[in-house]
Amino acid sequence: QVQLVESGGGLVQPGGSLRLSCAASGMFFTIYTMGWYRQAPGKQRELVARITPSNTTNYADSVKGRFTISRDNAKKTVYLQMNSLQPEDTAVYFCNADRIAISRDYWGQGTQVTVSS
């Protein structure tokens with residue numbers, strides 16, 4: 001079965017950086033749009049960034065210029081480089097794989113990112 005495993009979360013000071021990774025297995029990785037979502041306490045889950053099979057990217061306005069999504073199809077892994085982190089970035093970050101053409105998607109277990117001084 002499809003499995004998505006996130007890693008790289010943790011505690012970081014404001015202005016710091018983290019790189020999240022999402023390793024996929026049990027899927028034809030190259031045909032999926034991959035995304036990162038986050039959910040903060042008291043907030044709805046929101047899209048952070050997405051990357052299509054053709055490497056087209058989309059970002060939430062709140063992270064543009066600070067975060068970068070990328071994928072390595074050979075390693076079946078998606079990354080989220082997060083720079084200039086702020087307290088409002090504190091959330092659980094989830095990896096998503098979306099086979100849009102047939103309305104099938106999968107979620108990872110989430111990884112906690114905490115930005116605090």
Side-chain angles (χ1 to χ4, degrees):
Q1 182 69 352
V2 171
Q3 186 175 22
L4 303 175
V5 180
E6 302 100 330
S7 62
L11 175 64
V12 65
Q13 293 183 321
S17 297
L18 287 172
R19 189 180 77 159
L20 305 183
S21 298
C22 172
S25 61
M27 63 189 293
F28 192 8
F29 181 80
T30 57
I31 65 174
Y32 282 81
T33 291
M34 304 298 298
W36 288 96
Y37 293 72
R38 67 186 182 187
Q39 188 163 24
K43 301 291 184 66
Q44 291 185 292
R45 184 173 298 187
E46 64 175 348
L47 173 68
V48 177
R50 301 192 85 187
I51 184 166
T52 71
S54 62
N55 285 323
T56 299
T57 58
N58 294 283
Y59 296 93
D61 288 341
S62 59
V63 307
K64 286 180 179 177
R66 300 189 297 122
F67 291 10
T68 303
I69 189 171
S70 61
R71 66 192 295 162
D72 185 332
N73 289 335
K75 296 182 178 181
K76 302 177 75 171
T77 300
V78 176
Y79 305 96
L80 185 68
Q81 178 66 46
M82 304 185 294
N83 299 325
S84 301
L85 284 161
Q86 303 298 315
E88 56 264 36
D89 297 315
T90 296
V92 177
Y93 284 70
F94 297 91
C95 181
N96 172 262
D98 192 351
R99 180 79 189 280
I100 295 173
I102 59 172
S103 300
R104 288 176 64 88
D105 70 325
Y106 304 91
W107 293 91
Q109 81 286 356
T111 185
Q112 177 71 46
V113 172
T114 302
V115 185
S116 177
S117 60

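We use all heavy atoms of the structure for the numbers below, so side chains are in, but hydrogens, waters and symmetry mates are not.
- The hydrophobic cluster containing L47 also contains W107, counting ILVMFWY residues as joined when their side-chain heavy atoms lie under 4.5 angstrom apart, directly or transitively.
- When side chains are defined from C-beta on, M34 does not count as touching N96, because their heavy atoms never get closer than 4.5 Å.
- E6 is listed as a side-chain neighbour of Q109, based on a closest heavy-atom distance under 4.5 Å.
- Formation of a donor-acceptor pair under 3.5 Å by the T90 side chain with backbone atoms of V115 is found in this model.
- The shortest non-hydrogen separation linking T77 to K75 is OG1-O, 2.9 Å.
- The main-chain N or O of G26 is never found under 3.5 Å from a side-chain atom of Q3 such that the two would form a donor-acceptor pair.
- The nearest pair of heavy atoms linking F29 to A24 is CD1-CB, 3.7 Å.
- With hydrogens and angles left out, the side-chain atoms of T52 and S54 include a donor and acceptor closer than 3.5 Å.
- Across all their heavy atoms, L20 and G9 have their closest contact at CD2-N, 3.6 Å.
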Begin from the C-alpha positions of L18 and V113 and carry the test side chain to side chain contact (heavy atoms under 4.5 Å, CB included) through to its verdict. CA-CA 9 Å; L18 287 172; V113 172; 3.9 Å; yes
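- The distance from atom OH of Y106 to atom CG of D98, rounded to the nearest 0.5 Å, is 10.5 Å.
- Proximity of L80 to V48: side-chain heavy atoms (C-beta onward) are separated by under 4.5 Å at one or more points.
- Distance check, rounded to the nearest 0.5 Å: SG of C22 to CZ of R71 gives 10.5 Å.
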Does the pair S70 and Q81 meet the rule for a side chain to side chain contact (heavy atoms under 4.5 Å, CB included), with working shown? CA-CA 8 Å; S70 61; Q81 178 66 46; over 6 Å; no
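- With hydrophobic clusters built from ILVMFWY side chains whose heavy atoms lie under 4.5 angstrom apart, V78 shares a cluster with F28.
- Among all heavy-atom pairs drawn from S17 and S84, the shortest one is OG-N, 4.3 Å.
- Scanning all heavy atoms of the two residues, the minimum distance from R66 to L85 falls at NH1-CA, 3.9 Å.
- Remark: R45 CZ is packed, more than 12 non-hydrogen atoms of other residues, nucleotides or ligands lying under 6.0 Å away.
- Pairs of residues two or more places apart, or lying in two chains, that qualify as side-chain hydrogen bond (donor to acceptor under 3.5 Å, both in side chains) and include a residue from residues 27-41 are R38-E46, R38-S62, R38-D89, R38-Y93.
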Between Y59 and R50, is the side chain to side chain contact (heavy atoms under 4.5 Å, CB included) condition met? List the steps. CA-CA 7 Å; Y59 296 93; R50 301 192 85 187; over 6 Å; no
Please assess L4 against M27 for the test side chain to side chain contact (heavy atoms under 4.5 Å, CB included), listing each intermediate value before the final yes or no. CA-CA 10 Å; L4 303 175; M27 63 189 293; 4.1 Å; yes
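- Connection of I100 to I51 is not established within any shared hydrophobic cluster, with ILVMFWY side chains joined at heavy-atom distances below 4.5 Å, either directly or through further cluster members.
- Not a single salt bridge (Lys or Arg N to Asp or Glu O under 4.0 Å) links K43 to another residue, sequence neighbours left out.
- No side-chain heavy atom of I69 sits less than 4.5 Å from a side-chain heavy atom of F67.
- Under the salt bridge (Lys or Arg N to Asp or Glu O under 4.0 Å) criterion, R99 pairs with no residue at all, not counting sequence neighbours.
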